[in-house]
Amino acid sequence: MSISRRNLLLGGAALAAVGVLGGTLLLNGNEALASVETGAQAPAFSVQDASGATRTLAEFSGRTVILEWTNHGCPYVRKHYDSDTMQTLQRDTTADGIVWLQVISSAPGEQGHLDAAGARARVQTDNAAPTATLLDPSGAMGRAYGARTTPHMYIINPQGVLVYQGAIDDQPSARPASLQGANSYVRAALADLAAGRLVQTAETVPYGCGVKYV
Amino acid sequence: MKRLLAAIAILLGLAGSALAQSSLPPAIERNVEGSLHAARAAIAPGETFTIVLRQNIREGWHTYWRNPGDSGEATELTWTTPPGYDVGAIQWPTPEAIPFATLVNFGYHGEVLFPIEVTAPANARPGEQVTFTAEAYWLVCSDICIPEEATLTFTLPVATQGRDDPQWAPRIAQAVAGLPRREEGVEARITEGAPARLSVVLPNANSIRNVRFFPYSRDVLLASGPQLPRVGESGVSFDVAGGVATDVGRAPLEGVVAYEASDGRLRGVEIVAEPGDPIPGTDGAPAPMSSDYPLAELEGASAPAAPVSMDALGILIALGLAFLGGLILNIMPCVLPVLSVKALSFAGGAHNGEARRDGLFYFAGVMATFMALAVLLLVLRGAGEAVGWGFQLQAPWVTSALALLFFAIGLNLLGVFEIGGSLQNAGGSLAQRGGSAGSFFTGALAVIAATPCTAPFMAGAIGVALTQSAAITLLIFAALALGFALPLTLLHFAPGLQRLIPKPGAWMDRAKHVLAFPMFAAAVWLAWVLAEQAGPMGVLSLLLIATALAFVLLTARWGRAWLIAGALVFVVTGVFTWRPLLGVQTETVLASEPWSAARVAELRAEGRPVFVNFTAAWCVTCKVNELAALSSPRLAQGFAEANVAYLKGDWTNRDDEIAAALAEHGRAGVPLYLYYPSNGEPQVLPQVLTEALVLETIAGAQ
């Protein structure tokens, strides 16, 4: 009987035990989808973007930040990109000095998941104009914000307060025709902010595909 | 605890789900086959008849109800009709709740018929053919979503005398009969509040299960939120929460209450809840849910009301899982050391014949102990304790007790204390008797000693077992025992295998020490569960008790005086901290509102006296003062009589406004108590408060 076999047995047993517990913790960790109240401080995050840089909410302090949960395979996201609606909104807002962050919370192997190179290529393909594309394959950021659908939009004011969350517009449909006459909640909220008013419609029910979490 | 069980169930279920996963459909194929059908083979001028949109949905995919829930989109039809014909809206059958990851959607599986009413004009000419065309659009989803479009048509002849289509008339009639609609005697009320309470009078409330409310509006509730359905003798109640609508409880709330009727069919009744007080008799017990109800976990599945009968295959699977579970128990952290040590005790030099006999007796010991546990459970169930079982596992005190147990076991494994007490000695001396009796008690001891570790894991088996008949319960426990006993018994019989067992030595201590850490991790996890159940106060109590427990365990072996001192510390700690762990809410009789300078000014402008308490969770003096001087009903009465507003400034987290207010009164920290009489300057109260002083202050200043 060698020492190594002994150690192997022991190590194996300990690993199994730790594994069972760890797995349990992980599985449990996956369940919770938080929600942030409109008017509350937006949760801090620290996430890699598609260029490999770590982005935090703190670095954008003093600027308005828009978060856009996205999944390029989702028909609702396609409606907004194939019609150039989303890109136009991105260009209009970033031109005003607003920070636009796309967030991809699809888990590896799920629809919409992209690695850094894939995310950069997708921005090219879509001719999109976000400030950055955040990669959240663990879903930690998505869960902290309670992101439920793609698209799901959040607006954070320069003080870091969440001032809008919900749908991108009032047409909960994947049909391209629904874009005609759609009222953009995001544009309306930004107009309120620009005018120094309270955001009139500060919370709506998001629509789209479910976020493909781990 | 429930989540732990769910996690285990998932682990065990992995194998099954891998088998169940079918191959993906080819991309070009449609996921929904759609068609239109009329109940009439010919229509008469002026008559109203029913047509249906039929969706045949691929297995594993679903389409949506009028309110799709958290995501998705309802089916749409855009009609082109002959002039004069009037086509009504889609009438929606009762939806199912379809959970996906963290979301819940409302929709349909399999074949669905959506009735639509059509009215022919009075001047329709008999003999002509009329064609209806619908541009259909639906979103169909499994884990991904695909929008599909189709052009659907049907053509009907107009005749002087209409007649039914023999194939479709009965099917459509059945579909129409199944639609949710208003029913005689069904009333509903919605309260304000978060959660708001929806109460519904349902004549058949006692014979239904899997009941859920589906609102027509997406805004009134969070589709994936629990509704915690309850039933009483006259109806059901639901929690309504999480929506973005701000007028819940002030506007009528429309939707469908769906349930599984006693015949197993999905039924629905349309309700319009008027704002008002809850209807009495609608929230007795948690509403029953079937074991296959997809939202059972979301709703915190109460134990099924009646034993659910299992078919033979189900029993076999349960037995197999119990056996596997028993095997796994052998490597559970607190069982493995026990067993390794036991294994070592006979590995040294027992003759084969003797070893076999020992093996058999060990086996018998394990089986007998498990059977005894099973019988105990059956007796408890007979005594009506079964209903309480699931709730017990959710109770904060059980979570706390388990956390303390894991913590103590960890300390024991680290050698902080030895179990010098009667249990192991009794068991140990019995076990050391040698021979048959010794082996028998080794088996029994292994089961008993293992209970702390295995209890959470066995709870799953117990849960299943308790819903079954006594015979099946015993069988499941027997399978569990077999799995548990088998590895060590085999060792007795196969001397060759014994070579695999490590020899005793210093490594045993090291192993014990290493195994202490999974125990601590388990305790940490349970503390986190407790945080959700009992909040920060619960966790504080648990950690204090754990500290006292560690103290008494450490000191107990230093002799009687230390034991008494340690026990005293433990008891005193327990006396002061047990309340949150038993779920007893310390009544906050004196209601406070958050402090702000503006609020103080506002209240003073109204002429009200104001009492301000600047406090923080980490400030011990503050908490002592709050308990001693600011929490009695008498004080609350005093405040009420003098119409004093009570504001609390919580400085637990950094807050510049509060810091400024403190500085204004020459303080750099909390506590600070301020009393603003209805007129005059504010008074600063001492940092150590008594109730009498507070009462005097508010009385004297009037």
Side-chain angles (χ1 to χ4, degrees), chain A residues 1 3 5-14 16-28 30-33 35 38 71 73-76 78-79 110-112 139 142-143 146 148-150 152 165-166 172-175 177 201-214, chain B residues 3-4 6-8 10-11 68 70-74 76 100-103 105 137 139 141 143-147 149 217-219 222-224 242-246 297 328 331-334 336-337 340 457 499-503 505 507-508 510-511 514-515 517-519 521-522 524-525 528-529:
Chain A
M1 173 92 287
I3 297 283
R5 183 182 284 173
R6 214 179 260 164
N7 288 349
L8 210 66
L9 270 175
L10 275 175
V18 171
V20 165
L21 280 164
T24 310
L25 288 170
L26 272 177
L27 283 169
N28 279 298
N30 281 347
E31 277 175 17
L33 193 61
S35 63
T38 314
N71 160 359
C74 162
Y76 291 85
R78 294 282 23 118
K79 173 181 85 163
E110 299 286 344
Q111 187 192 50
R143 288 199 166 83
R148 301 208 292 274
T149 61
T150 52
H152 193 165
Q165 57 178 327
S173 169
R175 311 173 80 169
T201 307
E203 196 170 340
T204 59
V205 181
Y207 71 84
C209 310
V211 176
K212 315 300 184 215
Y213 286 118
V214 176
Chain B
R3 289 180 173 177
L4 185 73
I8 292 161
I10 288 165
L11 284 175
D70 278 325
S71 65
E73 190 174 345
E76 274 179 37
F100 166 70
T102 52
L103 306 183
N105 293 320
Y137 163 82
L139 188 77
C141 301
D143 53 343
I144 60 164
C145 295
I146 297 175
E149 286 179 271
S217 159
R218 289 189 76 200
D219 292 347
L222 179 64
S224 47
V244 302
T246 51
E297 196 188 349
I328 292 172
I331 60 156
M332 282 294 106
C334 61
L336 186 70
S340 315
F457 299 87
R499 267 185 278 121
L500 288 173
I501 299 168
K503 293 197 173 64
W507 66 271
M508 280 173 56
R510 225 170 283 154
V514 167
L515 288 169
F517 290 90
M519 293 291 99
V524 167
W525 173 66
W528 175 78
V529 172

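Residue numbering restarts at 1 for every chain, and letters A, B, ... go by the order of the sequence lines.
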*asked:* Which atoms of B:I144 are under 4.5 Å from chain A, going by heavy atoms: the side chain, the backbone, both sets, or neither?
replied: both

*What's the shortest heavy-atom distance between B:D70 and B:L222, and which atoms?*
OD1-CD1, 3.8 Å

_List the residues meeting side-chain contact (heavy atoms from CB on, under 4.5 Å) with B:A245, not counting sequence neighbours, and say none if there are none._
B:D219, B:V220, B:D247, B:V248

_Thiol sulfurs of A:C209 and B:C141 closer than 2.5 Å_ = no

_Heavy-atom cut-off 4.5 Å, strictly under: side chain, backbone, both or neither for A:T204 against chain B?_
backbone

*Before accepting this row, confirm whether a basic side-chain N of the pair B:E76/A:R175 lies closer than 4.0 Å to the acidic partner's carboxylate O.*
yes

*What option among A:A202, A:P206, A:C74 has the most heavy-atom pairs under 4.5 Å with chain B?*
A:P206

